[in-house]
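Following: one structure in structure tokens, then a few remarks.
Lettering of chains follows the sequences in order, A, B, ..., and the numbering in each one begins at 1.
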There are 2 protein chains.
Amino acid sequence: MNDKNAAKPQQNHSITAIDEFDRRILARYQHDTRHIAQRIGEEVGLSAAAVQRRLKRMRESGIIERETATLDAHTLGYPVTCLVGIDLLEERNEQIKAFKQAMLKQAQVQQCYYVTGEYDFILTVVCRDLQDYERFTQEAIMTEPNVRSFTTWVVMDKVKVGTALPLAPDQTPPR
Amino acid sequence: MNDKNAAKPQQNHSITAIDEFDRRILARYQHDTRHIAQRIGEEVGLSAAAVQRRLKRMRESGIIERETATLDAHTLGYPVTCLVGIDLLEERNEQIKAFKQAMLKQAQVQQCYYVTGEYDFILTVVCRDLQDYERFTQEAIMTEPNVRSFTTWVVMDKVKVGTALPLAPDQTPPR
DNA sequence: TGTGAAAAGGCTACACG
DNA sequence: CGTGTAGCCTTTTCACA
């Protein structure tokens with residue numbers, strides 16, 4: 001049992017049961033996966049083994065989707081981040097699907113949302129400089145036959161990043 | 001009572017030196033922090049100990065900023081994600097700073113970018129439903145005295161999430 | 001679920017190239 | 001100077017109550 005990169009054909013939404021302990025575990029673990037089970041256990045009032053069991057179960061059930069490291073984009077050569085709003089010519093299923101596939105293949109595209117409203121897609125793109133961004137738009141965006149227009153917002157400050165969910169319905173003290 | 005992660009007295013942003021081994025380690029580790037050092041070592045041609053040392057060094061130097069878990073927002077009660085473009089009335093330093101602080105306090109705000117162009121800020125917000133989003137806008141956005149207007153894009157599909165950087169897999173001649 | 005033992009992985013000291 | 005090896009320590013996992 002190794003990589004299960006295969007598509008998940010089903011999502012056990014209804015079967016997945018989360019209790020208050022799980023929430024309190026996740027509230028800590030999502031911020032720092034190196035936060036060890038023993039300490040989480042002390043904080044939530046459970047043994048380390050119980051915390052491990054719950055983490056394992058939540059990984060298998062898909063509640064924990066992945067565990068990743070956030071790197072310093074600046075030091076690694078990508079000091080510039082741009083958000084891009086894209087308007088397509090035709091919003092037919094084929095076209096949408098094709099554009100999604102194209103974005104998945106672009107390594108510089110960090111995020112890609114298919115949205116309602118003024119634009120069809122909104123991207124987050126990292127680049128080495130603005131010249132690199134221009135090259136990206138020419139090679140990845142403007143070559144897409146279905147793009148009507150796009151708008152760029154250059155990020156001046158990443159005020160908040162990450163995806164920590166609000167899991168704190170309460171800070172009920174144990175005991 | 002062991003050595004805790006003491007505060008980092010210095011951050012060598014500019015002096016940090018990364019070689020090809022580090023890049024190849026990060027290329028794997030950033031996608032999956034449970035990818036153990038021994039296997040990384042086999043893949044990049046280093047011993048497990050060397051991989052550990054390099055990971056530790058990169059944590060301390062700040063190249064690895066944090067290690068987090070991405071959770072299933074849908075199952076955890078936040079099935080709706082909205083992107084929000086915000087236009088401020090005054091772009092003075094005080095106002096900008098105040099708005100940033102306000103967004104940092106909002107747990108539902110996953111991401112917040114201060115950008116150039118058509119908007120001043122672009123947010124990613126998770127919510128329980130559209131009614132919850134409306135409440136959010138009323139309580140978190142419209143109460144901010146400096147907001148001129150805002151636009152909402154509702155996410156229909158998270159085509160791509162996460163922040164994995166393009167780390168030249170094997171071919172990065174010093175350029 | 002908690003407990004305690006076994007297994008696995010991470011961390012460090014030391015010698016080598 | 002960084003690596004590999006070996007050994008220790010921590011963390012996770014498993015069997016059982």
Side-chain angles (χ1 to χ4, degrees), chain A residues 1-4 15-71 75-76 172-175, chain B residues 1-10 12 14-71 167 170 172 174:
Chain A
M1 36 179 67
N2 292 330
D3 299 353
K4 283 188 174 181
I15 307 178
T16 312
I18 296 294
D19 64 10
E20 190 59 28
F21 279 125
D22 289 326
R23 247 189 296 271
R24 296 174 67 183
I25 291 170
L26 289 177
R28 289 154 178 80
Y29 192 69
Q30 69 172 345
H31 293 291
D32 178 14
T33 53
R34 290 174 61 82
H35 194 147
I36 62 176
Q38 181 178 352
R39 190 159 55 174
I40 295 180
E42 294 168 0
E43 293 169 0
V44 307
L46 235 49
S47 74
V51 174
Q52 295 286 7
R53 276 197 295 264
R54 285 164 178 268
L55 284 174
K56 181 178 181 181
R57 175 159 45 81
M58 290 190 284
R59 286 190 193 102
E60 291 170 350
S61 72
I63 289 178
I64 296 176
E65 294 182 350
R66 57 189 161 274
E67 296 167 44
T68 59
T70 301
L71 309 181
T75 305
L76 290 169
T172 310
R175 276 191 289 274
Chain B
M1 46 191 68
N2 299 328
D3 44 357
K4 301 176 64 177
N5 293 344
K8 289 173 288 186
Q10 55 182 1
N12 300 340
S14 47
I15 312 176
T16 312
I18 295 294
D19 65 9
E20 190 57 30
F21 279 126
D22 289 326
R23 253 189 292 270
R24 296 174 65 182
I25 291 170
L26 289 177
R28 289 155 178 80
Y29 193 69
Q30 70 173 344
H31 292 291
D32 178 14
T33 52
R34 290 175 61 83
H35 195 147
I36 62 177
Q38 182 178 351
R39 191 161 55 174
I40 294 179
E42 294 168 1
E43 292 169 1
V44 307
L46 236 49
S47 74
V51 174
Q52 295 285 5
R53 274 195 296 262
R54 285 165 178 268
L55 284 174
K56 181 180 181 181
R57 192 190 323 138
M58 291 189 284
R59 287 190 192 102
E60 291 170 349
S61 72
I63 289 178
I64 296 176
E65 294 182 349
R66 56 188 162 276
E67 296 167 43
T68 59
T70 301
L71 309 181
L167 296 173
D170 287 325
T172 302

Q. Is there a donor and acceptor pair, one atom on the side chain of B/Arg53 and one on the base of C/dG10, closer than 3.5 Å?
A.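 It does not, because no donor-acceptor pair links the side chain of B/Arg53 to the base of C/dG10 below 3.5 Å.
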Report the distance from atom [atom1] of [X] to atom [atom2] of [N], rounded to the nearest whole Å.
X       : N      : atom1 : atom2 : value
B/Ile36 : C/dA8  : CD1   : P     : 10 Å
B/Glu20 : D/dT3  : CD    : C1'   : 18 Å
A/Arg34 : C/dG9  : CZ    : P     : 15 Å
B/Ile40 : C/dG10 : CD1   : C1'   : 12 Å
A/His35 : D/dT11 : NE2   : P     : 11 Å
B/Phe21 : D/dC1  : CZ    : P     : 19 Å
A/Arg39 : D/dT11 : CZ    : C1'   : 13 Å
B/Ile25 : D/dT3  : CD1   : C1'   : 12 Å

Is a salt bridge present between [X] and [Y], judged by a nitrogen-to-oxygen distance below 4.0 Å?
X       : Y       : answer
A/Arg23 : A/Glu20 : yes
A/Glu42 : A/Arg39 : no
B/Glu43 : B/Arg24 : no

**Q.** B/Met58 side chain near A/Leu71 side chain, heavy-atom distance below 4.5 Å
**A.**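 Side chain of B/Met58 against side chain of A/Leu71, heavy atoms only: no contact under 4.5 Å found.
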Please tell me which of the listed nucleotides, [options], lies nearest to the side chain of [X]?
X       : options                : value
B/Gln38 : D/dG4, C/dG9, D/dG2    : C/dG9
B/Leu46 : C/dT12, C/dC11, D/dG4  : D/dG4
A/Gln52 : D/dT12, C/dT12, C/dC11 : D/dT12

(Q) Measuring to OP1 and OP2 of C/dC11, would you say a side-chain N or O of B/Arg57 lies under 4.0 angstrom away? (A)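 Answer is no, no contact under 4.0 Å.
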Q) When all nucleic acid strands are considered with a 4.0 Å heavy-atom cut-off, which category describes A/Ala49: base, sugar-phosphate, or nothing? A)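 Base: the residue A/Ala49, judged by heavy atoms under 4.0 Å, touches a nucleobase.
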Q.
Any base atoms under 4.0 Å from A/Ala37, or only sugar-phosphate, or nothing? Heavy atoms, all strands.
A.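 If one applies the 4.0 Å heavy-atom cut-off, A/Ala37 turns out to touch the sugar-phosphate alone, with no base involved.
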Q: May I have the step-by-step check of side-chain contact (heavy atoms from CB on, under 4.5 Å) for B/Ile63 and B/Arg54, ending in yes or no?
A: CA-CA 11 Å; B/Ile63 289 178; B/Arg54 285 165 178 268; over 6 Å; no
